[in-house]
Each structure stands twice: as structure tokens, then as C-alpha cells.
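What follows is a short report on a single structure.
Predicted model only: the values in this text are computed from it and were never measured. Residue numbers start from 1 in every chain, and the chains themselves are labelled A, B, ... in the order their sequence lines are given, proteins ahead of strands.
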Amino acid sequence: MTEDIRVRYAPSPTGHLHIGNARTAIFNWLFARHYNGTFVIRIEDTDSARNIADGEKSQLENLAWLGLDWDESPDKPGVYGPYRQSERNEQGIYQEFIDALLASGQAYKSYKTSGQLASEREAQQAAKQAPHYVYEYEGLTNEEREAKYAEFEAQGLKPVVRFRVPEEQVYAWDDIVKGHIEIGAKEVGGDWVIQKADGMPTYNFAVVVDDHLMKISHVLRGDDHVSNTPKQIMIYEALGWDVPKFGHMALIINGETGKKLSKRDENLLQFVEQYKELGYQPQAMVNFIGLLGWSPKGEDEIFSLSEFKEMFDEKRLSKANAKFDQKKLEWVNNQWMRRDTDAVMPQLIQELVNAHLISADDAADKKKWLSEVIKVAGVDGISYTRQIVELVRKPFFELGDITDEMVEYLTSEDGRKVAAAWESTYESLPTDATPADYMSTIRAIQNDLEIKGRNLWNPIRIMTTHEVQGPNLPEMLTLLDKNTVLKTMRDVKEKYLA
RNA sequence: UGGGAGGUCGUCUAACGGUAGGACGGCGGACUCUGGAUCCGCUGGUGGAGGUUCGAGUCCUCCCCUCCCAGCCA
């Protein structure tokens with residue numbers, strides 16, 4: 001690339017990494033890596049009240065888990081640090097530019113209380129007007145305004161700094177995703193706060209200062225920021241800075257509400273960490289997210305991060321919001337697990353240990369057997385590793401109850417015949433009998449007794465496993481301990497067939 | 001309310017103005033046992049009304065719907 005491409009992902013540590021943020025991060029990463037650019041992570045922690053402990057750490061850990069890496073961040077400082085806005089504020093980075101805007105008259109101090117602001121807004125809404133800020137120093141000279149400041153200060157009021165919006169301006173940019181967009185300055189809601197009373201810069205101001213100072217070339221973010229963009233361009237222009245290229249990507253929204261993902265949507269798993277815990281594969285998460293709002297040329301659907309990187313083309317980003325479909329994610333994850341089941345095997349076995357089906361020591365000793373059990377039980381059908389637990393529990397680790405329906409199968413005329421025939425032949429089979437051996441044994445009983453279908457299979461299943469459904473029976477029998485099965489059969493016989 | 005951005009099967013999406021295709025889901029069948037496995041099949045869509053055109057998902061006009069911003073949140 002001839003031009004220096006620098007993009008960034010700028011989370012606020014107010015929560016864990018959710019799917020929507022992950023998507024923004026992934027696409028910024030793809031953009032950087034595809035064009036040989038630099039990927040920066042900056043922490044936007046200007047709202048001290050909402051920051052949570054470990055928010056930053058969790059964000060970074062989850063990004064790394066997804067397979068992303070970065071070139072500059074708080075934990076990997078580059079030359080444009082620091083990379084936390086709180087630290088940048090302590091260094092006076094924002095103050096310098098706030099002072100400059102104050103000095104040039106492009107910003108001013110405002111002492112209105114939150115109560116005043118609220119009642120102004122109420123009055124505007126009652127009059128069916130859009131809420132907007134009303135400039136309180138209209139017609140005053142600089143000296144008169146300074147005098148007002150002193151007056152308010154004397155009352156002990158703390159000011160915020162507001163940017164004086166040039167109302168006649170129209171701000172326009174060519175959005176990488178959405179094309180040409182124009183918004184008039186008078187539509188942003190009036191003079192807006194760039195510095196809060198506690199001295200922290202606001203998001204719309206800090207983001208501009210930082211993106212400029214960090215030489216960010218392309219701002220790729222969610223399209224919930226489209227309406228913020230004119231405010232940000234105002235600052236670039238007021239400070240005489242070049243405006244970066246903007247790209248506003250469609251959002252991932254909640255399928256039920258149609259709104260953007262929110263922490264309050266508890267019926268939906270929306271944090272990357274939750275999927276990690278259930279045993280989703282990071283490649284699958286990236287694959288699924290990468291195909292939400294972006295599509296490749298062909299009709300393939302399974303891609304790795306590096307394949308996405310090669311194919312990436314910002315022109316194929318879609319403009320419309322995408323609903324989050326967990327079923328499709330499950331399918332993608334299933335595909336990834338099946339692509340290399342052996343690689344996932346340690347994780348699957350760990351699930352069984354976590355569920356106390358087997359001790360860690362025993363699991364280590366019986367690795368081969370566990371792998372077979374997991375495969376026969378149907379690992380190919382699960383959506384995430386945690387699901388393997390209930391699939392293998394019965395009959396490999398526990399026996400279920402015998403239901404009335406099962407008793408009927410057992411005690412029917414056919415059932416009794418099958419049970420008797422099965423018992424005598426099973427006992428005579430060698431312990432290393434193969435699935436084919438079991439199959440031919442069962443076929444022999446079928447031919448002898450002229451009983452087939454459920455009436456044949458169910459009594460055998462019930463006697464050996466206490467189940468009428470489950471994995472392929474012949475394969476299962478090779479994995480069950482013969483003495484245990486014999487005991488199970490004896491117990492069933494005593495209780496129901498005596 | 002003002003401004004902005006969007007609307008293709010239930011969901012994710014494809015389609016130089018030229019046969020609306022794929023995937024997930026759902027449904028059905030096969031597998032002389034079950035099924036979350038496997039195979040096969042089916043289902044279902046261009047928000048609406050006009051217009052331009054030989055031909056419109058695509059271009060034009062009007063309407064409808066959804067979302068975003070309008071915070072001393074980001």
C-alpha cells in the first residue's frame with residue numbers, strides 16, 4: 001500500500017466483548033491485514049462511572065481468543081500512546097485542544113444545571129420541537145461573557161465546555177459503505193459538550209483528537225455513529241485537521257426486538273465469552289460473524305480468518321442490519337468441530353470431567369475409549385462441546401429408568417422371545433466382538449424368530465442400555481464393558497421377566 | 001417531532017437492467033430399530049402503488065415500515 005493504512009478498534013470497558021463489538025473488531029482487523037496496514041486498539045474509558053473492573057482485560061482476551069492480533073494497544077504501546085483515554089486525559093492531551101477552541105471562540109463554558117437542561121428539553125418537546133441546546137450568551141461581547149463566567153464561578157458552579165456549532169455548515173463525506181452522506185450542522189441538536197464538568201472529554205471530541213493524533217486513516221465502525229459523524233467533522237475542521245475516511249457498517253441486531261444488541265437482552269447469548277464457555281470454536285465465531293453483513297463472491301460458507309483476510313473487500317459490506325441467528329451459528333460451529341474432531345477431542349473430554357462423569361485421572365487413562373465413546377455417541381451432531389455431556393451420559397456412565405413403554409416392549413410375547421434369544425447369544429460372544437459380529441447376531445435372531453423392527457431392536461436396547469433410542473447399537477456394544485452389560489441384563493430380567 | 005440510514009424466503013445472503021440462486025431453519029421421505037448422524041426431496045421472498053423500458057429486486061415518483069442520532073453515554 002502506498003498510503004499508510006491505520007485503523008482502530010476502540011472499545012469502552014463498560015462490559016465484556018459482545019458479538020457486535022467483536023464484529024467491528026474483526027472487520028477492522030481484516031481491513032488492516034488485507035491492506036498491510038496497522039491495527040490499533042484504544043480504550044475509551046472516559047465514563048468512569050460505567051467502567052467495570054477487568055472490562056479492558058476481558059475485551060483483549062476475547063479478541064485474542066478469536067485469533068486477532070494487534071500492533072498497538074495499552075498492553076503493546078506504540079509511538080502514539082498512551083492508548084487509554086483516561087491516561088491521555090491525565091497528560092493533558094485533550095485539554096490543549098479544548099483550550100485552543102476556547103481561545104479562538106469556537107467553544108465556550110456553559111454553566112447550565114442538569115435541571116435547567118431537562119426543563120428546556122421538556123418545553124421543546126411539549127412544543128413539538130426536536131430537542132436542541134439553546135445558546136445562553138447570544139449577543140454578548142467576549143468581556144460580558146467572561147463576566148458571566150465569573151459570576152457563575154462565584155456561585156460555585158462547575159462548567160462544561162460546549163462546541164459552538166457553525167449552524168450554516170453542511171457536512172458531507174463519502175462513506176466507504178453507504179456512499180455519499182450529507183448532514184446539516186443545524187441538525188445535530190445545537191452546541192454540544194466536548195468536556196464534562198469532571199474534566200473528561202466526551203466521546204465525540206476525544207475520538208477525533210485521538211484518531212488524528214494516532215494518524216488513523218480509516219474509521220470503520222457501526223452505523224449507529226452516522227449521526228455523530230458531522231459533530232466529529234466539525235472538530236477536525238475547527239482544529240484544521242484532515243478528515244479520515246469513514247465507513248459505517250450495518251449493525252448486528254436482536255432478532256426479536258429488531259434493535260441493536262443491548263446488555264439488557266438476557267434471552268440472547270450475546271457475549272463472546274458465553275460462547276467460549278459452551279465450547280464454541282473461535283474459528284466458528286469468526287466464520288459466522290464474518291458472514292454477517294459481508295459476503296464473498298462464491299457460494300462457500302466455511303472460511304478461516306486468514307481466508308477472510310485474503311478475500312476481504314470493503315465493497316462487499318452490506319448496508320442493511322443483520323439479525324443474529326443462533327441456529328446458523330450452531331451449524332457453523334458444528335462444521336468446524338467436524339472439520340477436525342480429533343483436535344477438539346481434549347476439549348470434549350474435559351467437558352466430561354467438568355460434568356463429573358469421570359475423574360481427570362481416569363480420563364487420562366481411558367483417552368482412547370473416551371474418544372470412541374464420544375464419536376459413537378454422535379459428536380457429529382452436536383452444536384458445541386458442552387452438549388456432548390448429555391449425549392454420552394446414558395448409557396455410558398449412568399443407566400436411565402425403565403419406562404412403562406419399555407416394559408411393554410420387554411414383556412410382550414415377542415419381547416420375551418427376543419430377550420431370551422439375545423441373552424444366550426450375547427453371553428457366548430467374545431469380548432472383542434466387532435460391530436459386524438453384533439449385527440450378524442441380531443440378524444440371526446431376526447431370522448430365527450421372524451421378528452423385526454422395533455419389536456426386535458427395542459428389547460435388546462432396553463436389556464443392554466435401559467434406552468429405546470441412542471447411537472448405533474452394535475457400535476455401542478463394543479464400547480460397553482461386557483460384565484457390566486451382563487449384570488444390567490440380569491437385573492432387567494429379574495425385575496421384569498421373572 | 002427533526003435529521004440520517006435501511007427494507008430480497010422465517011433468518012443470513014447472491015443476482016453487468018436479462019431464468020430471483022445458495023445456506024441455515026422448518027417439513028417430508030429413505031436408512032427392513034431410534035435419530036441430534038447420513039442421503040434425497042419439498043417449502044418459502046424482492047414492503048406497497050404508479051412510471052420508464054422489449055424487459056425492473058436493480059432506474060424515477062409517491063407512500064408504508066424498521067433502525068440510528070438528537071445525553072455532562074459511548
Verify the ring-centre separation between A:Tyr149 and A:Tyr137: is it less than 6.0 angstrom? yes
Between B:U34, B:A74, B:G4, which one does the side chain of A:Ile181 approach most closely? B:G4
Quick one: A:Leu391 CG to B:G36 C1', roughly how many Å, whole number? 7 Å
Considering only side-chain heavy atoms of A:Arg316, which listed nucleotide, B:U11, B:A14, B:A70, is closest? B:A14
Whether A:Arg461 contacts B:G35 is assessed here as follows: a side-chain N or O lying under 4.0 Å from the phosphate OP1 or OP2. Is that the case? no
From CG of A:Asn447 over to P of B:U32, roughly how many Å is that when rounded to an integer? 14 Å
How is A:Gln124 classified with respect to the nucleic acid when contacts are heavy atoms under 4.0 Å: base, sugar-phosphate, or nothing? nothing
May I ask you to decide whether A:Glu90 forms a salt bridge with A:Arg88, counting only side-chain N to carboxylate O separations under 4.0 Å? no
Comparing A:Leu473 and A:Pro296 on RNA chain B - which has the more 5′ nearest nucleotide: A:Pro296
By the 4.0 Å heavy-atom rule, please label A:Lys112 as base, sugar-phosphate, or nothing. base
For A:Asn321, which of A:Asp224, A:Ile253, A:Ile252 qualifies under side-chain contact (heavy atoms from CB on, under 4.5 Å)? A:Ile253
Now, which nucleotide makes the Watson-Crick or G-U wobble pair with B:A5, with each of the two distances under 3.5 Å? B:U66
Heavy atoms from C-beta onward define the side chain here; which of B:A14, B:A74, B:C24 lies closest to that of A:Lys328? B:C24
Could you work out which one of B:C12, B:C72, B:C24 sits closest to the side chain of A:Val160? B:C72
Which is true for A:Lys452 with a 4.0 Å heavy-atom rule: it touches a base, it touches only sugar-phosphate, or it touches nothing? base
Quick one: which of B:C72, B:A74, B:A70 gets closest to the side chain of A:Arg162? B:C72
Using the ring centroid of each side chain, check whether A:Phe324 and A:His18 are separated by less than 6.0 Å. no
Separation of B:C31 atom C1' from A:Met439 atom CE, nearest Å, is 10 Å
Base partner of B:C16, which must satisfy Watson-Crick or wobble distances under 3.5 Å: none
Of the nucleotides B:G35, B:A23, B:G4, which has the atom closest to the A:Ile183 side chain? B:G4
Would you indicate which nucleotide in B:C12, B:U34, B:U32 comes nearest to any side-chain atom of A:Lys323? B:C12
We want to know whether A:Asp45 and A:Ser86 form a side-chain donor-acceptor pair, criterion being a heavy-atom distance below 3.5 angstrom. yes
Salt bridge flag under 4.0 Å for residues A:Glu467 and A:Arg461: no
Summary of protein contacts for nucleotides 64-69 of chain B, nucleotide by nucleotide, where a base hit scores B, a sugar-phosphate-only hit scores S (4.0 Å, heavy atoms): ---SBS
In whole angstrom, what separates A:Arg23's CZ from B:C12's P? 12 Å
Which of B:A70, B:C24, B:A74 is nearest the side chain of A:Asn204? It is B:A74
Atom CD1 of A:Ile460 and atom P of B:U34: how far apart are they, to the nearest Å? 14 Å
Does A:Ala320 reach a base, just sugar-phosphate, or nothing at all? Heavy atoms under 4.0 Å. sugar-phosphate
Would you say B:U13 has OP1 or OP2 under 4.0 Å from some side-chain N or O of A:Ser318? yes
Can you list the steps and then say if A:Tyr135 with A:Tyr108 is a ring pair (Phe, Tyr, Trp, His ring centres under 6.0 Å)? CA-CA 10 Å; A:Tyr135 182 50; A:Tyr108 61 91; 4.8 Å; yes
Could you check whether A:Trp457 and the base of B:C33 form a stacked pair, meaning centres closer than 5.5 Å and planes differing by less than 30°? yes
Going by an N to O cut-off under 4.0 Å, is there a salt bridge joining A:Glu56 and A:Arg84? yes
So what does A:Arg338 touch, heavy atoms closer than 4.0 Å: a base, only the sugar-phosphate, or nothing? sugar-phosphate
B:C12, B:U11, B:A37: which one has an atom nearest the side-chain heavy atoms of A:Asp325? B:U11
Find the distance A:Trp294:CH2 to B:C12:P and express it as a whole number of Å. 18 Å
Answer with base, sugar-phosphate or nothing: what part of the nucleic acid does A:Gly293 contact at a heavy-atom distance below 4.0 Å? sugar-phosphate
Using the side-chain contact (heavy atoms from CB on, under 4.5 Å) criterion, which residues pair with A:Arg121? Sequence neighbours excluded. A:Leu117, A:Gln124, A:Pro131
If you check every side-chain atom of A:Lys196, which of B:G71, B:A23, B:C72 has the closest atom? B:C72
Using a cut-off of strictly less than 4.0 Å, decide whether A:Thr46 has a side-chain nitrogen or oxygen near OP1 or OP2 of B:A74. yes
Would you mind reading off the distance between A:Trp192 atom CH2 and B:A74 atom C1', rounded to a whole angstrom? 13 Å
Would you call the rings of A:Trp294 and A:Phe312 parallel, tilted or perpendicular if under 30° counts as parallel and over 60° as perpendicular? parallel
Suppose we define a pair by two distances each less than 3.5 Å, Watson-Crick or G-U wobble; what does B:A56 pair with here? none
Within the pair A:Arg50 and B:A74, is there a side-chain N or O less than 4.0 Å away from OP1 or OP2? no
Is the shortest side-chain N/O distance from A:Arg121 to OP1 or OP2 of B:G71 below 4.0 Å? yes
